[in-house]
2 protein chains.
Amino acid sequence: MFYIIGLGLGDAKDITVKGLEIVRKAERVYLEAYTSILTVGKEILEQYYGRSLIIADRDLVEQGADAILQDADTKDVALLVVGDPFGATTHTDLALRAKEAGITCKIIHNASIMNAIGCCGLQLYNFGETVSIPYWTDSWQPDSFYDKIIGNRKRGLHTLCLLDIRVKEPTLESLMKKKKEYQPPRFMSVCEAVEQLLEIINRKEAEAGDQGQMASSLCVGVARVGAEDQRIVACSLQEMKEVELGPPLHSLVIAGCLHPLEVEFLTQFARSKDALLEIAQTL
Amino acid sequence: MFYIIGLGLGDAKDITVKGLEIVRKAERVYLEAYTSILTVGKEILEQYYGRSLIIADRDLVEQGADAILQDADTKDVALLVVGDPFGATTHTDLALRAKEAGITCKIIHNASIMNAIGCCGLQLYNFGETVSIPYWTDSWQPDSFYDKIIGNRKRGLHTLCLLDIRVKEPTLESLMKKKKEYQPPRFMSVCEAVEQLLEIINRKEAEAGDQGQMASSLCVGVARVGAEDQRIVACSLQEMKEVELGPPLHSLVIAGCLHPLEVEFLTQFARSKDALLEIAQTL
């Protein structure tokens with residue numbers, strides 16, 4: 001049997017009881033370590049589970065499916081992923097590969113940022129399409145996520161923005177060489193995301209001859225959701241540029257229309273309560 | 001401390017290790033039993049946790065917040081909810097009441113249908129706004145969810161439809177009496193939801209002089225996601241009227257544009273693989 005087990009979002013104890021039992025009895029257990037991270041590393045997980053884990057990096061997950069699935073028809077093999085198993089396309093793909101090889105694949109669900117973002121008080125059924133904000137490079141500065149945010153806002157909906165994660169990215173120079181060299185891991189902060197977003201907003205609003213209303217709109221920055229040191233801050237986009245939320249992972253929500261209960265809940269995370277109430281009135 | 005603990009979607013072992021530790025040591029533990037259900041009941045949970053639970057029905061959660069929160073400033077009190085704590089507005093409200101009473105509130109996240117629906121192979125970032133489909137009565141037949149589904153589809157997005165749950169609903173007659181009497185619990189099936197949806201579609205398309213394309217569009221019915229006997233079926237809306245998925249809970253997805261990987265994954269759940277591939281080509 002091949003298991004894909006969600007680890008949730010915080011630390012070692014956010015695994016489900018069902019997941020933990022499988023981890024403890026499986027023949028091999030892989031830890032997927034490039035689409036997301038927990039607040040604890042491999043060693044702490046190994047200590048807690050009382051067994052060794054095999055790191056499944058990008059190369060292994062995307063090109064080594066056969067190695068991961070080896071003997072899974074007769075033995076129990078598990079892949080641990082941060083959040084929920086179907087948060088990333090690559091895990092869906094692995095489940096399909098298993099099926100094609102005649103191996104039964106079982107999913108152990110857990111929290112992901114897609115539902116845990118409800119912790120900021122914005123109701124999940126008021127969210128539109130989720131967007132991803134990628135790191136810009138000198139030559140690649142996509143801005144299609146902006147149109148999706150605007151589209152959601154027009155319908156009064158909030159937008160969850162997933163922020164870029166770069167783990168085990170080969171350096172541009174090493175792509176030409178035989179031996180790959182990797183960039184240091186990077187996790188986009190709320191600050192960085194807001195900075196890119198404001199750059200797009202300024203450009204688009206200048207093009208349209210707009211008054212620059214978007215920069216004063218309400219957003220919510222969250223960091224390490226589900227962990228002991230989780231942080232949530234609500235303020236305008238312009239202000240969020242100055243907000244430092246600490247270690248990864250970060251996510252950002254651009255608010256749409258607010259229900260009174262949402263406003264009430266958000267005020268506990270407001271950078272300035274008065275400013276938040278003022279913005280909320282304009283939404 | 002007041003804990004709101006997500007139980008996930010399947011059975012007793014879908015609680016997280018962190019959640020279980022709190023349940024075992026808390027002074028009082030309430031089980032919220034009207035916004036959703038697990039595939040196992042109170043007795044099995046009590047047996048597994050090795051402790052007694054207090055049922056928190058609608059009246060208690062919505063009007064008895066003080067009773068639930070009593071002594072939570074000095075003792076540990078937990079409320080167990082199916083799925084993730086912030087899936088329902090009523091839990092957000094309870095978290096606020098705790099804060100107002102000066103009680104620290106801690107959330108233990110878990111999977112909810114909002115992210116676990118990824119198990120059908122449709123990617124979460126391709127979903128638009130989630131809708132709720134309520135049971136119609138003779139005098140109340142709302143159809144605003146239809147416009148949201150159409151709005152999502154126009155943007156190529158899938159729609160997750162949450163289906164109505166009626167637990168401990170007072171009978172109309174008893175509302176006049178002193179002693180409330182309750183209707184038997186009802187959980188909307190995928191069949192029932194599709195039937196209502198097709199009624200709206202027929203009416204709206206007749207009004208617009210349309211060719212009736214919507215009835216042949218692709219949908220996915222899911223039942224008991226995360227449980228051992230989980231079921232997933234993909235077919236046209238018209239066909240889904242005949243699909244019996246067994247005991248609750250059920251949910252429905254109306255597909256938008258499909259990525260090739262989504263089509264490939266969905267085929268394993270297709271009522272007819274050829275029919276599914278044909279529909280997918282038109283999307």
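None of the values given here were measured: they were computed from a predicted structure. Just so we're on the same page: letters track the sequence lines, and every chain starts at 1.
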Ranking A:Leu96, A:Asp93, A:Asp84 by heavy-atom pairs under 4.5 Å to chain B gives rank one to A:Leu96
Do A:Asn115 and B:Ser112 have a side chain donor and acceptor closer than 3.5 Å?
yes
Take atom NZ in A:Lys99; do more than 12 heavy atoms of anything else shown fall under 6.0 Å from it?
no
If you count heavy-atom pairs under 4.5 Å with chain A, which of B:Gln230, B:His158, B:Glu262, B:Met114 comes out on top?
B:Met114
Applying salt bridge (Lys or Arg N to Asp or Glu O under 4.0 Å), name anything that partners B:Lys13, two or more places apart in sequence or on another chain.
A:Glu21
Against chain B, label A:Leu20 side chain, backbone, both or neither, depending on which of its atoms sit under 4.5 Å from a heavy atom there.
side chain
Just verifying a value: how many Å separate B:Thr89 OG1 and A:Asn126 CG, rounded to the nearest 0.5 Å?
8.5 Å
Hey, mind stepping through B:Asp11 and A:Lys18 against side-chain contact (heavy atoms from CB on, under 4.5 Å) and telling me if it holds?
CA-CA 9 Å; B:Asp11 57 36; A:Lys18 198 178 274 176; 3.3 Å; yes
With side chain to side chain donor-acceptor pair (under 3.5 Å) as the test, pick out the partner of A:Thr92 among B:Gln123, B:Glu264, B:His259.
B:Gln123
Residue selection (most heavy-atom pairs with chain A, distance under 4.5 Å) from B:Gly128, B:Gly8, B:Cys119, B:Gly121:
B:Cys119
Quick one: pull up OG1 in A:Thr130 and OH in B:Tyr125 and give me the separation to the nearest 0.5 Å.
11.0 Å
A:Lys273 NZ: over 12 foreign heavy atoms closer than 6.0 Å
no
Heavy-atom count check: over 12 atoms from other residues, nucleotides or ligands less than 6.0 Å from B:Gln47 CD?
no
Heavy-atom distance under 4.5 Å to chain B: side chain of A:Leu124, backbone, both or neither?
both
Side chain, backbone, both or neither: which part of A:Lys148 has a heavy atom under 4.5 Å from chain B?
neither
For A:Phe265, which atoms come within 4.5 Å of any heavy atom of chain B: side chain, backbone, both, or neither?
both
A:Glu129 side chain near B:Asn152 side chain, heavy-atom distance below 4.5 Å
no
Work out which heavy atom in B:Ala111 is nearest to a heavy atom in A:His109; give both atom names and the distance.
CB-CB, 3.6 Å
Chain B interface, residue from A:Leu157, A:Ile108, A:Val131 that has the most non-hydrogen pairs under 4.5 Å
A:Leu157
Please state whether the side chain, the backbone, both or neither of B:Leu261 comes within less than 4.5 Å of a heavy atom of chain A.
both
State which residues pass salt bridge (Lys or Arg N to Asp or Glu O under 4.0 Å) with A:Arg155; sequence neighbours excluded, sorted by chain then number.
none
Check each atom of A:Val225 against the heavy atoms of chain B and say whether the ones under 4.5 Å are side chain, backbone, both or neither.
side chain
Are any of the side-chain nitrogens in A:Glu228 or B:Lys106 under 4.0 Å away from the carboxylate oxygens of its partner?
yes
